[in-house]
Amino acid sequence: MKQKIAVQVDDLTVAYNYKPVLWDIDLEIPEGVLMAIVGPNGAGKSTLIKSILGILKPIAGSISVYGKPYEKQRSLVAYVPQKGSVDWDFPTTALDVVMMGTYGSLGWIKRPGQKEKKAALEALEKVGMLPFKNRQISQLSGGQQQRIFLARALVQDASIYFMDEPFQGVDASTEIAIINILKALRKAGKTVIVVHHDLQTVPEYFDWVTFLNVKKIATGPVKDIFNDDNLTKTYGINYKVSIQE
Amino acid sequence: MTISEYFSLIFSDYTLRTITLGTAVLGAVTGMLGSFAVLRKQSLLGDAISHAALPGIALAFLITGAKDSNMLLLGALVSGLIGTFWIRGIIKKTHLKSDTALGLILSLFFGFGMLLLTFIQKQPNANQAGLDKYLFGQAATLVESDVWLMTIVTAICLFVLLLFWKEFKMLLFDADYTKTLGFNTKLIDVLITSFIVLAIVLGLQTVGVVLMSAMLLAPAAAARQWTNSLSVMVFLAALFGAFSGVFGTAISASQNNLSTGPVIVIVAGVFVLISFVFSPSRGLLFKQIRFIKNRRDLELHKTLAFMFHIAETHDNISHPHAIKILNNFQGYTKNTLQKLVDKNYVTIVGDHWSLTEQGFKTASNLYNQQNENNE
Ligand SMILES: Nc1ncnc2c1ncn2[C@@H]1O[C@H](COP(=O)(O)OP(=O)(O)OP(=O)(O)O)[C@@H](O)[C@H]1O
Ligand SMILES: [Mg+2]
């Protein structure tokens with residue numbers, strides 16, 4: 001099975017100070033997968049996503065999206081940051097934040113209009129947050145804030161979605177709601193890359209997985225490589241998970 | 001001169017009018033831009049910029065040998081910009097915390113500026129007197145051309161703000177995300193910062209190096225209390241800033257020679273104080289009132305909820321029940337029952353009570369977060 005490559009990472013090395021936090025990463029993400037990135041705290045998962053998206057400048061390496069440099073393909077890529085990366089006391093409403101997802105296609109200066117508003121409302125509907133559209137964002141719960149970020153990415157109508165811990169701090173029903181949205185995206189042919197901490201749910205939610213701890217340990221189909229060997233290599237301790245075949 | 005005399009003089013007295021207009025425009029533009037500094041959590045930035053401007057003023061005087069205020073402001077602008085971009089550089093290159101970098105540049109530049117000022121004061125040049133007005137500001141020295149300059153800068157600033165509103169807003173909320181959408185965040189950032197530097201430099205003559213940052217922060221901090229919308233916040237901050245300017249000037253003019261800068265800052269401070277206490281949503285006073293009211297409502301709601309659970313067991317929600325059952329419930333008093341009747345949630349016939357339609361609705365909404373205070 002030779003699938004199209006959605007994202008290709010070559011020789012990526014990233015450092016904040018002197019010591020690289022990501023070493024020489026090569027990664028091919030096939031089109032249409034729902035992929036988990038797993039690894040311990042500080043493994044460089046967020047850093048990997050940020051480098052792919054051009055938020056951080058790597059020391060070395062290159063990123064291509066569908067065969068072209070990332071800079072030329074931005075409109076194909078959407079991003080859900082870690083929830084804690086922004087100040088939720090910012091004076092704005094849920095709808096306003098989701099609307100930001102349309103700013104990229106609008107470009108400089110042009111204001112969002114009815115069309116953009118409609119798209120934002122639809123996205124809010126999808127994540128079940130329509131009743132909260134006019135709520136000040138500081139008055140949303142953590143799980144609701146997470147859904148707002150998800151809606152903002154959905155509005156971008158991209159081909160590839162990068163999500164940094166979208167399940168962080170959400171309750172069971174929100175988790176199911178979110179994973180259903182992700183699965184719907186995959187069904188629509190999108191590629192979804194998710195930083196994920198709950199190893200138990202990896203086989204159930206994802207079909208592709210990348211093990212990361214400063215270096216890339218392994219990447220491939222969950223059924224082939226999600227095993228104790230790779231988990232031990234990544235987490236450094238003897239890891240046992242039972243995988244239902 | 002009393003304050004009322006002052007306000008009647010504004011329209012006839014040229015000097016007074018100039019000063020008042022100047023401080024009002026200055027307050028408006030710093031308030032407007034201050035909102036951005038506050039929301040970016042760069043409260044110290046204003047302080048750093050204004051202090052960084054001091055050596056520029058001194059150097060401009062040393063080089064030109066004259067006290068032409070435009071030349072001095074140009075010097076202030078250059079050294080303010082240098083200071084600001086050094087701060088950015090330090091944060092980027094050395095991974096120092098931003099407050100460390102700000103504090104470092106602030107004290108270095110200010111120290112150097114003070115050194116130059118003392119050096120100038122030792123010079124036999126009679127011209128040097130009065131440079132130190134830039135430390136605490138002197139609104140009385142404002143002339144019409146200064147006010148024009150401020151107005152033009154404010155107008156340009158407003159224009160740019162409206163033009164790039166969506167970009168500014170997004171950058172303030174989530175800079176990383178803005179970058180992934182393909183916007184040049186550095187450009188947006190430099191634009192905001194340059195305007196802040198410009199506004200501060202324009203205010204040095206009036207308010208002075210030491211207090212200038214308060215002009216930036218106080219109106220914005222006050223405005224934040226009253227609204228949850230960025231546009232309203234920026235507008236209110238401009239308004240508070242302008243009023244601080246006008247009232248500050250009025251008070252200092254009527255109280256014979258009170259220094260204008262400090263008075264303006266104090267007036268702005270009063271705006272902050274009032275806002276922190278009286279704002280309806282975030283203010284301390286209303287928070288306390290809401291707290292007390294909530295506690296009182298809670299008793300009522302608990303009783304209502306208890307009744308609701310009893311009523312729920314019947315197909316007909318208005319089915320009457322004996323008042324006696326309520327004695328099983330701790331929070332129940334005759335008083336609360338009467339209140340529920342007053343609110344039309346419950347009706348009483350003889351020694352039986354029954355829920356009204358409205359009471360039933362209210363009770364079933366009690367647990368539903370979604371229906372409460374959205375919109
Ligand atoms: N802004 C920064 N400056 C310096 N070092 C950083 C910075 N951000 C992250 N690091 C370091 O880089 C390494 C990787 O961090 P990263 O945030 O990518 O980890 P992560 O895998 O996302 O962890 P987590 O599971 O906790 O989110 C860590 O050692 C961290 O200390
Ligand atoms: Mg992370």
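Values below: all heavy atoms of this structure, side chains included; hydrogens, waters and symmetry mates excluded. Just so we're on the same page: letters track the sequence lines, and every chain starts at 1.
- For the atom pair OG (A:Ser75) and CG (B:Leu181), the distance works out to 10.5 Å, reported to the nearest 0.5 Å.
- For B:Met233, the part lying near chain A is the side chain, with the backbone staying farther off; criterion is any non-hydrogen pair under 4.5 Å.
- Minimum interatomic distance between A:Pro91 and B:Leu39 (heavy atoms only, all atoms of both residues): CD-CD2, 3.6 Å.
- Shortest non-hydrogen contact noted between B:Glu167 and A:Ile109 is OE2-N, 2.8 Å.
- For a residue to count as touching a neighbouring chain, one of its non-hydrogen atoms must lie under 4.5 Å from one of that chain's; by this rule A:Val77 does not touch chain B.
- The contact between B:Thr180 and chain A is made by backbone and side chain atoms together, counting heavy-atom distances below 4.5 Å.
- The two residues B:Phe173 and A:Phe149 come nearest to each other via the heavy atoms CE2-CE1, 4.1 Å.
- Distance OG1/A:Thr92 to CG/B:Leu230: 7.5 Å, rounded to 0.5 Å.
- Annotation: maximal heavy-atom pairing with chain A below 4.5 Å, among B:Val232, B:Thr94, B:Asn184, occurs at B:Asn184.
- Between chain B and the residues A:Pro81, A:Pro112, A:Gly107, A:Ser85, the largest count of heavy-atom pairs under 4.5 Å involves A:Gly107.
- Checked by atom type and distance alone, the side chain of A:Arg74 pairs as donor or acceptor with a backbone atom of B:Lys179 at under 3.5 Å.
- Using a 4.5 Å heavy-atom threshold, the side chains of A:Lys50 and B:Asp176 count as touching.
- A:Phe90 approaches B:Arg224 most closely through the heavy-atom pair C-NH2, 4.1 Å.
- Neither the backbone nor the side chain of A:Leu56 comes within contact range of chain B; no heavy atom of the residue lies under 4.5 Å from a heavy atom of that chain.
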Point to revise | Check against salt bridge (charged side-chain N to carboxylate O under 4.0 Å, His left out), B:Lys41 and A:Asp89 | key: CA-CA 12 Å; B:Lys41 310 252 180 296; A:Asp89 196 33; over 6 Å; no
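- The aromatic rings of A:Tyr79 and B:Tyr177 sit parallel, their planes meeting at an angle under 30°, below the 60° perpendicular limit.
- Proximity to chain B (any heavy atom under 4.5 Å) is restricted, for A:Tyr70, to the side chain, taken from C-beta onward.
- Comment: B:Lys166 does not engage A:Asp96 in a salt bridge, judged by the lack of any side-chain N to carboxylate O separation of less than 4.0 angstrom.
- Contacts between A:Glu71 and chain B at a heavy-atom distance below 4.5 Å are absent for every atom of the residue.
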Practice item. Determine, stepwise, if the pair A:Asp87 / B:Arg40 fulfils salt bridge (charged side-chain N to carboxylate O under 4.0 Å, His left out). Key: CA-CA 9 Å; A:Asp87 173 17; B:Arg40 296 203 79 181; over 6 Å; no
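- Interatomic distance, A:Met99 CE to B:Lys169 NZ, rounded to the nearest 0.5 Å: 8.0 Å.
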Practice item. Kindly indicate, with the supporting measurements, whether the criterion side-chain contact (heavy atoms from CB on, under 4.5 Å) is fulfilled by B:Leu163 and A:Trp108. Key: CA-CA 9 Å; B:Leu163 200 62; A:Trp108 286 90; over 6 Å; no
